[in-house]
Amino acid sequence: MATWFSSMTLAAAAQWGVIVYGVRRRSPRDYQGRYRVWWWAAACWMMMSLDEGSSLHEGFKELMSQVAGTRIYGDGSVWWMIAYVAVLGTVGIRLLLDMRSSRLSVFCLLMTAVSYVVAVVAQLERIPQLGITESIMLEEGAEMLGNLLLLTTMTVHARYVILEATGEIKPAKRKRRAKAKQRAATAEAAAEENAAAVDEPTTSRRKQKSASTSRRSVAASNAADDDNDESTSEQRVDAAHDSASQRRLSKAERKALRRHRRTAGSET
């Protein structure tokens, strides 16, 4: 049952990989051909499914042990582990870089790698506290969990790619551009506010200077008017003196002249 479960899970993961490949291949933004890695990923998952059902890795282990004349470590499982790490490590790193826009997909893929590492460690019997039965249970359990997480990774990322293709999710580049524009607009608004705050004291000082200047001009104009009035009254008194000296004044004119002098004296 464990073999059947792992084989069906990996086959379903391969199908989701083909779906992602088909969606990405028709994307106008993926002109560099990065979508091709999903075809290789689907092929790897299908080979793993066939391996689970037919134990191809056991035959590969015996073949390499006979050709090389050594099993390297233990029963020779290191041979197929080396091949798996070389192929799956390359494809997995490439997928990790391609899925970096979806954090959930990246997290599921990393958990898949951790589960496979635990299965390999249990296979090599590197946990001395566990007996044979416990090691087999841990190995098969971690392997099935890793296969299930791999299917989850493919399903989650296929959903993300489909939503991105239909426009319901903005691409990562557009999100970064929108955030950069928003930060630039915020910085520009802050700079304008700072400039307005710096200009306010200067404007107020200018207003105060203009008000004081206007007050001074008004006072100067008032003083000039007073001087003009005084000079006008003095001119009138001098004219009266001149007219009085030219001819002989009557009694009424002398009284009027004295009255005028007293008035002029009181004004000054």
Side-chain angles (χ1 to χ4, degrees), residues 3 5-54 56-57 60 77-123 139-177:
T3 301
F5 176 82
S6 296
S7 180
M8 293 296 101
T9 303
L10 291 169
Q15 292 178 0
W16 280 115
V18 172
I19 292 173
V20 174
Y21 170 79
V23 176
R24 289 285 302 277
R25 187 167 62 91
R26 291 172 174 82
S27 176
R29 294 185 300 272
D30 203 353
Y31 58 89
Q32 295 180 348
R34 297 176 179 175
Y35 59 87
R36 294 188 181 92
V37 68
W38 289 96
W39 176 257
W40 293 104
C44 288
W45 311 154
M46 185 56 66
M47 285 299 300
M48 290 173 64
S49 176
L50 295 175
D51 184 21
E52 285 293 332
S54 58
L56 294 177
H57 62 281
F60 180 78
S77 297
V78 177
W79 285 111
W80 67 263
M81 290 180 185
I82 292 174
Y84 263 54
V85 169
V87 176
L88 297 182
T90 304
V91 175
I93 292 174
R94 185 64 185 82
L95 285 180
L96 189 65
L97 295 175
D98 192 77
M99 293 189 302
R100 63 183 181 274
S101 57
S102 175
R103 296 180 181 178
L104 182 58
S105 302
V106 171
F107 175 76
C108 292
L109 186 60
L110 292 176
M111 291 298 101
T112 302
V114 171
S115 299
Y116 284 155
V117 169
V118 173
V120 168
V121 171
Q123 174 73 23
E139 175 195 351
E140 295 298 329
E143 186 177 350
M144 287 190 292
L145 178 61
N147 296 333
L148 181 61
L149 287 172
L150 181 61
L151 175 59
T152 304
T153 304
M154 295 295 103
T155 305
V156 169
H157 198 70
R159 176 182 177 274
Y160 177 84
V161 169
I162 293 172
L163 292 177
E164 185 180 20
T166 56
E168 297 185 25
I169 296 178
K170 292 183 179 180
K173 290 184 179 179
R174 292 185 181 178
K175 290 182 180 179
R176 289 194 292 269
R177 290 175 183 173

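Along the sequence shown, the residues carry numbers beginning at 1.
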Q: Drop me the distance from Glu52's CD to Met144's CE, to the nearest 0.5 angstrom.
A: 10.0 Å

Q: Take Tyr116 and Thr112 through the side chain to side chain contact (heavy atoms under 4.5 Å, CB included) test and state the conclusion after the steps.
A: CA-CA 6 Å; Tyr116 284 155; Thr112 302; 3.6 Å; yes

Q | Nearest-0.5 Å distance, CG of residue Leu148 to OG1 of residue Thr153 | A | 9.5 Å

Q) Excluding sequence neighbours, so at least two apart, what forms side chain to side chain donor-acceptor pair (under 3.5 Å) with Thr155? A) Trp16

Q. Could you state the interatomic distance from CZ (Arg94) to CH2 (Trp40), rounded to the nearest 0.5 Å?
A. 13.5 Å

Under 3.5 Å, which donor-acceptor pairs link side chains of residues 81-93 to any protein atom two or more places apart or in another chain?
unit_1 : atom_1 : unit_2 : atom_2 : d
Tyr84  : OH     : Asp51  : OD2    : 2.3
Thr90  : OG1    : Ala86  : O      : 2.8

Q: State which residues pass side chain to side chain donor-acceptor pair (under 3.5 Å) with Thr152; sequence neighbours excluded, sorted by chain then number.
A: none

Q. Is there a donor-acceptor pair under 3.5 Å between the side chain of Ser115 and the backbone N or O of Glu143?
A. no

Q) Mind checking what makes side chain to side chain donor-acceptor pair (under 3.5 Å) contact with Ser105, not counting sequence neighbours? A) Ser102, His157

Q | Interatomic distance, Arg36 atom CZ to Arg24 atom CZ [nearest 0.5 angstrom] | A | 11.5 Å

**Q.** side chain to side chain contact (heavy atoms under 4.5 Å, CB included) between Trp38 and Met154, worked out
**A.** CA-CA 10 Å; Trp38 289 96; Met154 295 295 103; 3.6 Å; yes

**Q.** All side chain to side chain contact (heavy atoms under 4.5 Å, CB included) counterparts of Ala42, not counting sequence neighbours
**A.** Val18

Q: Return the set of residues passing side chain to side chain donor-acceptor pair (under 3.5 Å) with Thr9 (not counting sequence neighbours), or none when no residue passes.
A: none

Q) To the nearest 0.5 Å, what is the distance between CG (Leu96) and CG (Leu110)? A) 5.5 Å

